[in-house]
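Inspection log for the structure reproduced underneath, given as structure tokens.
Note on naming: letters A, B, ... go to the chains in the order of the sequence lines (proteins, then strands), and numbering restarts at 1 for each one.
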There are 2 protein chains.
Amino acid sequence: MDNKEISQAVIGRLPRYFRFLGELKDEGVERISSQELSDIMNVTASQIRQDFNNFGGFGQQGYGYNVAYLYEEIGRILGLDKTHKLIIIGAGNLGQALANYTNFDRRGFLFKGIFDCDPSLYGKKIRSMEIRPMEELEDFVKENEIDMAVLTIPKASAAQVARRLSHTGIRGIWNFAHVDLDVPDGIQVENVHLSDSLMKLAYNINRSENQMLPGFESQLMDEK
Amino acid sequence: MDNKEISQAVIGRLPRYFRFLGELKDEGVERISSQELSDIMNVTASQIRQDFNNFGGFGQQGYGYNVAYLYEEIGRILGLDKTHKLIIIGAGNLGQALANYTNFDRRGFLFKGIFDCDPSLYGKKIRSMEIRPMEELEDFVKENEIDMAVLTIPKASAAQVARRLSHTGIRGIWNFAHVDLDVPDGIQVENVHLSDSLMKLAYNINRSENQMLPGFESQLMDEK
DNA sequence: TAGATTGTTAATCGATTAACAATC
DNA sequence: TAGATTGTTAATCGATTAACAATC
């Protein structure tokens with residue numbers, strides 16, 4: 001039932017399905033067809049059915065999908081039935097902001113510690129958790145069976161920290177540093193490159209402005 | 001020379017090219033071939049040439065690409081030659097963290113103001129900028145010709161704030177709220193859904209763990 | 001049973017890669 | 001000029017959409 005590799009395009013859509021299904025569930029909706037979900041989410045019904053069928057049949061002909069069941073199944077596929085223990089490395093503004101973001105807990109991402117290399121921060125408490133010195137990193141990860149590390153450190157030190165982490169048994173790195181990390185197989189990296197995202201927005205703003213004033217050249221444009 | 005729509009797949013790669021070229025430039029590298037860049041970036045040389053040629057020829061046969069020139073051109077394509085004035089709406093942990101992130105300034109994203117609806121925050125200063133009440137939003141955007149708004153508010157209020165923004169002449173919304181915003185044409189939305197990203201990481205960790213202990217079923221698996 | 005809607009196969013579309021002629 | 005490497009066309013691959021038989 002398992003074993004065929006699922007494309008990252010599909011995986012990337014699962015959290016959005018999960019979110020909409022959660023909302024429907026909260027609204028008390030019991031069943032939904034791919035067509036109804038299509039209308040709400042603005043994706044084709046065909047894509048919805050194809051996506052779900054990558055994991056086996058969650059629906060029933062003539063009926064549709066049971067919202068609560070589908071929600072649960074997608075959560076399971078995403079690994080949200082398991083808990084993850086995470087640490088944050090880098091107690092700057094972003095690191096502290098993420099540490100304070102309690103919503104992750106609800107999904108089983110448990111905040112277990114935060115590290116920094118700045119001695120003036122040692123001992124400062126964030127969500128009742130002391131900021132720890134980097135020297136304690138390896139021991140802490142092993143002793144507490146941490147499986148995820150959040151990297152909110154400057155790009156200059158990210159590669160080195162990733163290398164240290166790769167010997168600790170960590171399973172995934174959520175990387176906010178603006179570099180491509182090079183880690184061994186078996187360690188997953190998920191990048192959040194905020195400046196890349198902002199640049200995309202800048203591009204699209206520009207593009208739409210150019211479309212609105214369809215200048216000179218495009219008016220001269222004649223087909224071949 | 002313009003006018004053909006560029007796919008978002010290509011746009012999404014531009015910031016990464018930009019980053020690598022910036023680094024090469026800083027290292028004093030003068031020219032680079034698509035093959036050399038391919039080796040560094042782990043994408044095919046063919047894709048690199050195709051991507052660049054969407055915007056016209058930046059290279060020269062037999063020579064390759066001039067690093068400084070290519071860097072500049074990609075920056076221009078991304079709209080980084082223009083400055084953008086942005087405000088942050090929501091002065092919570094994340095909003096304050098982004099406000100303090102001075103690196104965006106270097107790329108022409110100028111932090112012009114921060115808003116919140118919590119009166120106890122009014123007047124508090126972040127980067128020498130007072131937190132403003134939401135009532136002032138519309139006037140402020142118009143008077144200061146703000147073109148981008150960063151939404152770091154709870155999902156419950158995001159839709160309403162987006163609606164208010166859509167009447168101010170804003171051009172783009174960088175949305176950190178965990179909802180899909182519905183805005184008029186001509187306003188660009190770039191989403192940063194952190195919890196979606198974290199879920200993808202959880203999925204990939206799970207997947208790799210299942211691959212490593214290739215249990216029972218996969219051993220029984222025989223072709224067709 | 002008839003109607004609805006899935007699961008799944010086939011067709012289409014778009015993106016990536018390969019190949020090579022053009023040209024510096 | 002010969003060698004290198006682009007720009008660009010053609011081939012391949014993968015993802016999305018359409019269609020419809022299976023079935024609840």
Side-chain angles (χ1 to χ4, degrees), chain A residues 1-17 20-21 24 29-74 77 200 203 224, chain B residues 1-17 20-21 24 29-74 77 200 203 224:
Chain A
M1 200 223 227
D2 224 34
N3 220 303
K4 190 175 42 174
E5 190 77 12
I6 310 293
S7 83
Q8 289 295 314
V10 174
I11 305 311
R13 286 191 290 267
L14 292 182
R16 188 157 177 270
Y17 289 129
F20 276 88
L21 288 165
L24 288 164
V29 178
E30 204 176 277
R31 57 170 283 266
I32 196 160
S33 70
S34 57
Q35 187 54 58
E36 290 167 313
L37 196 54
S38 156
D39 294 339
I40 298 171
M41 292 189 63
N42 265 308
V43 293
T44 64
S46 201
Q47 180 164 77
I48 290 171
R49 295 203 298 279
Q50 287 278 21
D51 282 351
F52 294 167
N53 271 87
N54 279 300
F55 308 96
F58 297 144
Q60 193 169 300
Q61 281 103 328
Y63 170 85
Y65 300 88
N66 179 285
V67 171
Y69 173 68
L70 187 55
Y71 174 78
E72 172 122 358
E73 283 299 314
I74 294 179
I77 292 165
K200 266 194 280 176
Y203 173 88
K224 172 80 18 72
Chain B
M1 200 225 228
D2 225 37
N3 221 303
K4 188 177 37 168
E5 190 76 13
I6 310 292
S7 84
Q8 289 294 314
V10 175
I11 306 311
R13 286 191 291 266
L14 292 183
R16 189 156 178 271
Y17 290 130
F20 275 88
L21 288 165
L24 287 165
V29 178
E30 203 175 278
R31 59 170 283 266
I32 196 160
S33 70
S34 58
Q35 187 53 58
E36 289 167 313
L37 196 53
S38 156
D39 294 338
I40 297 170
M41 293 187 64
N42 264 308
V43 294
T44 64
S46 202
Q47 180 164 75
I48 290 172
R49 295 202 299 277
Q50 286 278 21
D51 282 350
F52 294 167
N53 272 85
N54 279 299
F55 307 96
F58 297 145
Q60 193 170 300
Q61 283 101 327
Y63 170 85
Y65 299 89
N66 178 286
V67 171
Y69 173 69
L70 187 55
Y71 174 78
E72 173 124 358
E73 283 301 312
I74 293 180
I77 292 164
K200 264 192 280 175
Y203 173 88
K224 171 78 29 63

Item to check | Pairing pattern in dot-bracket form [Watson-Crick, G-U; both distances under 3.5 Å; | = partner strand] for DNA chain D | outcome: ..||||||||||||||||||||||
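- Both Gly59(B) and Arg13(A) lie close to DNA chain D; mapped to their nearest nucleotides by heavy-atom distance, the more 5′-ward contact belongs to Gly59(B).
- Taking every nucleotide of DNA chain D with any atom under 4.0 Å from a non-hydrogen atom of chain A, the first and last of them, 5' to 3', are dA15(D) to dC24(D).
- Judged by a 6.0 Å distance limit and a 45° cone about the ring axis, Arg31(A) is not positioned over the six-membered ring of Tyr65(A).
- The distance from atom OG of Ser33(A) to atom CD of Gln60(A), rounded to the nearest 0.5 Å, is 13.5 Å.
- Listed here is the closest heavy atom pair of Ser34(B) and Ile48(B): O-CD1, 3.6 Å.
- Taking CD1 of Ile77(A) as the start and CD of Glu72(A) as the end, the distance is 11.0 Å to the nearest 0.5 Å.
- Val10(B) has its side chain within reach of Phe55(B): a pair of non-hydrogen atoms, C-beta onward, lies under 4.5 Å apart.
- Atoms CG and CZ, on Asp51(A) and Arg16(A) in that order, are 11.5 Å from each other to the nearest 0.5 Å.
- Mapped onto DNA chain D by nearest heavy atom, Gly62(A) and Arg31(B) fall at different nucleotides, with Arg31(B) at the one closer to the 5' end.
- Proximity of Phe58(B) to Asn66(B): side-chain heavy atoms (C-beta onward) are nowhere separated by under 4.5 Å.
- There is a side-chain donor-acceptor pair under 3.5 Å between Gln35(A) and Asp39(A).
- Contacts between residues 36-53 of chain B and DNA chain D, defined by a heavy-atom separation below 4.0 Å, involve Arg49(B), Gln50(B), Asn53(B), listed by number.
- Leu37(A) is listed as a side-chain neighbour of Phe52(A), based on a closest heavy-atom distance under 4.5 Å.
- Rounding to the nearest 0.5 angstrom, the gap separating the CG atom in Leu21(B) from the CE atom in Met41(B) is 7.5 Å.
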